[in-house]
Amino acid sequence: MKSPVVKRSIVVAGHKTSVSLEEAFWNGMKEISGLREMTLSELVGEIDSNRQQGNLSSAIRLFVLDYFRTRAMAAASDSKLP
């Protein structure tokens, strides 16, 4: 059985590193980077530079979760408007 976690190599701030994430998080990252008109490496670099603690994979998961949670809350608020 194939693992749901996918390990990919990515260049962050000029350094090659590998990140292990579930496919859903990779897809979320691609969507966010496309909407922001930046590369996946640029977005991961931004997340890496802003993280307070923990490893990069965890920081990415929390970033993607927060991004889509914020969008969902905004959509819910918009739907309540008359």
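Between F63 and R51 there is no side-chain heavy-atom pair separated by less than 4.5 Å. Between R61 and M29, the closest side-chain pair of non-hydrogen atoms is not below 4.5 Å. With a 4.5 Å cut-off on side-chain heavy atoms, R71 and L35 count as touching.
Here the NZ-OG distance, from K16 to S9, works out to 4.5 Å after rounding to the nearest 0.5 Å. With rounding to the nearest 0.5 angstrom, the CG atom of D48 is 11.0 Å from the NE2 atom of H15. Atom-to-atom distance recorded for E31:CD and Y67:OH is 6.5 Å, nearest 0.5 angstrom. Taken to the nearest 0.5 Å, the CD1 atom of I32 stands 11.0 Å off from the CG atom of N27. For the atom pair OG1 of T17 and CD1 of I10, the computed distance is 9.0 Å after rounding to the nearest 0.5 Å. From L21, atom CG reaches atom OG of S58 across 9.0 Å, with rounding to the nearest 0.5 Å.
Criterion: ILVMFWY side-chain heavy atoms under 4.5 Å apart, direct or through other members. Under it, V6 and L40 are part of a common hydrophobic cluster. The hydrophobic cluster containing M38 also contains V64, counting ILVMFWY residues as joined when their side-chain heavy atoms lie under 4.5 angstrom apart, directly or transitively. Hydrophobic clustering places I60 together with F68 (ILVMFWY residues linked when any side-chain heavy atoms are closer than 4.5 Å, directly or through intermediates). L62 and V19 are not part of a single hydrophobic cluster, where members link through side-chain heavy atoms under 4.5 Å apart.
Under the rule for a salt bridge (Lys or Arg N to Asp or Glu O under 4.0 Å), E42 has no partner lying at least two apart in sequence or in another chain. In this structure, the salt bridge (Lys or Arg N to Asp or Glu O under 4.0 Å) partners of E23, at least two apart in sequence or on a different chain, are R8.
Across every non-hydrogen atom of S57 and S20, the tightest pair is OG-O, 3.1 Å.
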